[in-house]
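Here is the structure we will look at.
The first residue in the sequence is number 1, and the count goes up from there.
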Amino acid sequence: MSLRLPAAPIAFVFLVLLAAVVLAARGRAGDFVDAAERYVAVPDGIGRVMAADQSAAVLVFVLAPEKLVGWSRPLSREQRAYLPAKFARLPVVGHLTGPNPTAAADAVTRLRPDLIIDTGIASPEAAALADAIQQQTRIPYIILDGSVQHIPDTLDIVGAMLGVGERGQDLAHYSRTAIDNLRGRLLVTESTTRPLVYYGRGTDGLETGLARSSVMADIDQAGVINVAASLGTGELVRVRRDQIFASNPQIIIAEQRSFYTALQRDRAWRGLAAVAKKRVYLAPADPFGWIDDPAGVNRIIGLPWLTALFYPDVYQEDLRASVREFYDKFYSVKLTDGQLETLVRSAEARPGETRRAIDVPLLGAEPVPLPSGPPNAPSGIGPPGRGGVPGMSPSPPPGPQQ
């Protein structure tokens, strides 16, 4: 039997799901065609799985934690507190992918997994690495499409592959509902109420994600305007403080508490619309990020959270109830009241917050060419479009930050 995980076509997705149902019914794997168009012979009765990266580790953990041989990178004490103790103590086995891999073929051989799973980008380089490791170790290595929109299909297929088809279907249904709910809310949201958003990564907040990057996938799904969208393609970019002031985002989300605290206390950030209107939020990160870090199934809880932030008038659900349900269903953890408050206290919208209406094209429209201006140009130069915001010109190579 051949299973194909396509990059996009709906017809192929249907065929994959149909094949997954048959796979689950027969209780066997077989030949698998992964997202890089590689044919991989997947064994029956998979008992041990090695994740090539942390996002793949999260995928295996939420489906069949007892089959995960270890985490790809260390967990902090805070992260471990939000996981069942047995799995929080799993060893760190390193990651096979990325610019600085910490594991190689010898580690795979030593761990003796039945299968290796990679949920990164299905590039020629990723395929070459997978082929090399598979040839050296004789361990099947599959590459999956890790994009948000394919999370339901991935849960369905991998669940069947690991012998936990019902759980895979359950988590897939939950994820598909979360995605559909967000899309449904966007259909009833005026295009003129999409806010300008900046996501600041790192301790200083001066790193952000580019348009269509995996880092910004949840935010892009929410249909808002990424102020760094015009800075090129790829994953991450460094920006200057004056560029953030030029774009003047209405909402700022900090990845790390140091930047979140600086926005609230440092006089250098005063004058930003988001700071003045107290629309600054800290992205929850335990046990895994709600926006990225890693770019895995953990991002599903980010969809209702971001909807509540960006479109509070169309989000009527109880966010805390949604968080409790997600953590119980995906991580098998029942949050205490204290843990729940720690997660959402700095992340949720305050009662009475308002948005400034802006004129932007409908979700899915082609990016609008924007006029260029000096780095310190005021934020109101021309109507902002899906492609970016006036004043956010590409930054030169990182130097002393202003």
Side-chain angles (χ1 to χ4, degrees), residues 2-10 12-13 15-16 31-42 49-60 72-73 93-105 107-108 113 115-155 157-158 161 199 201 207-221 226 228-229 231-238 288-289 291-299 367 394:
S2 176
L3 293 182
R4 178 178 298 272
L5 188 62
I10 295 176
F12 280 149
V13 171
L15 290 176
V16 169
D31 292 335
F32 184 87
V33 183
D34 70 7
E37 301 292 328
R38 299 167 55 253
Y39 282 81
V40 182
V42 178
V49 182
M50 181 177 181
D53 54 15
Q54 194 75 333
S55 62
V58 176
L59 170 66
V60 178
S72 295
R73 63 174 189 250
V93 299
H95 54 91
L96 298 166
T97 60
N100 300 297
T102 57
V108 176
L115 178 68
I116 303 169
I117 295 179
D118 178 353
T119 56
I121 298 172
S123 64
E125 294 77 14
L129 173 65
D131 286 340
I133 292 178
Q134 185 168 292
Q135 289 170 7
Q136 293 177 59
T137 65
R138 306 300 180 188
I139 305 297
Y141 186 133
I142 63 172
I143 300 173
L144 304 174
D145 186 332
S147 57
V148 170
Q149 60 267 32
H150 287 141
I151 285 176
D153 301 326
T154 299
L155 287 165
I157 294 166
V158 177
M161 187 180 293
Y199 176 44
R201 302 179 83 254
E207 179 182 77
T208 192
L210 293 164
R212 300 178 180 88
S213 64
S214 62
V215 167
M216 300 298 290
D218 262 22
I219 293 175
D220 287 344
Q221 287 285 317
N226 170 13
L231 300 187
T233 59
E235 277 295 313
L236 300 172
V237 65
R238 290 285 297 179
F288 309 108
I291 292 180
D292 67 318
D293 195 28
V297 300
N298 43 288
R299 294 175 294 174

Is any side-chain heavy atom of Thr233 closer than 4.5 Å to one of Leu210?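 With C-beta onward as the side chain, the pair stays apart.
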For residues Ile142 and Met161, determine if any side-chain heavy atom of one lies less than 4.5 Å from a side-chain heavy atom of the other.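 Yes, their side chains come closer than 4.5 Å.
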Report the distance from atom [atom1] of [X] to atom [atom2] of [Y], rounding to the nearest 0.5 Å.
X      : Y      : atom1 : atom2 : value
Ile219 : Asn226 : CD1   : CG    : 7.0 Å
Leu59  : Asn298 : CG    : CG    : 10.5 Å
Thr97  : Ile133 : OG1   : CD1   : 9.0 Å
Asp153 : Asp145 : CG    : CG    : 9.0 Å
Ser123 : Ile143 : OG    : CD1   : 7.0 Å
Arg212 : Asp220 : CZ    : CG    : 7.5 Å

For a quick test of reading the model, state the closest non-hydrogen atom pair linking [X] to [Y] and the distance between them.
X      : Y      : result
Leu96  : Leu129 : O-CD2, 3.4 Å
Gln136 : Ala105 : OE1-CB, 3.4 Å
Val40  : Tyr141 : CG2-O, 3.5 Å
Ala217 : Val148 : CB-CG2, 3.6 Å
Pro113 : Val108 : CD-O, 3.2 Å
Ala52  : Ser72  : C-OG, 4.1 Å

Who passes side chain to side chain donor-acceptor pair (under 3.5 Å) against Glu235, sequence neighbours left out?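 Partners of Glu235 under the side chain to side chain donor-acceptor pair (under 3.5 Å) test: Ser214.
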Kindly write out the residues that satisfy side-chain contact (heavy atoms from CB on, under 4.5 Å) with Ala104, not counting sequence neighbours, or none if the list is empty.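 Once residues adjacent in sequence are excluded, the partners of Ala104 under the side-chain contact (heavy atoms from CB on, under 4.5 Å) criterion are Asp106.
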Which residues share a side-chain contact (heavy atoms from CB on, under 4.5 Å) with Ser55, sequence neighbours left out: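 Expected list: Asp53, Thr119, Pro294.
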Are there more than 12 heavy atoms of other residues, nucleotides or ligands under 6.0 Å from atom CD1 of Ile121?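 No, not enclosed.
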For Asp292, give me all partners under salt bridge (charged side-chain N to carboxylate O under 4.0 Å, His left out), at least two apart in sequence or on another chain.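 Scan of Asp292 (salt bridge (charged side-chain N to carboxylate O under 4.0 Å, His left out), adjacent residues dropped) gives Arg201.
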Mind checking ring pair (Phe, Tyr, Trp, His ring centres under 6.0 Å) for Phe288 and listing every partner two or more places apart, or none if nothing turns up?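 Applying ring pair (Phe, Tyr, Trp, His ring centres under 6.0 Å) to Phe288 gives Trp71, Tyr331.
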What salt bridge (charged side-chain N to carboxylate O under 4.0 Å, His left out) pairs are there with at least one residue in residues 123-132, not counting sequence neighbours?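 Found Arg38-Asp131.
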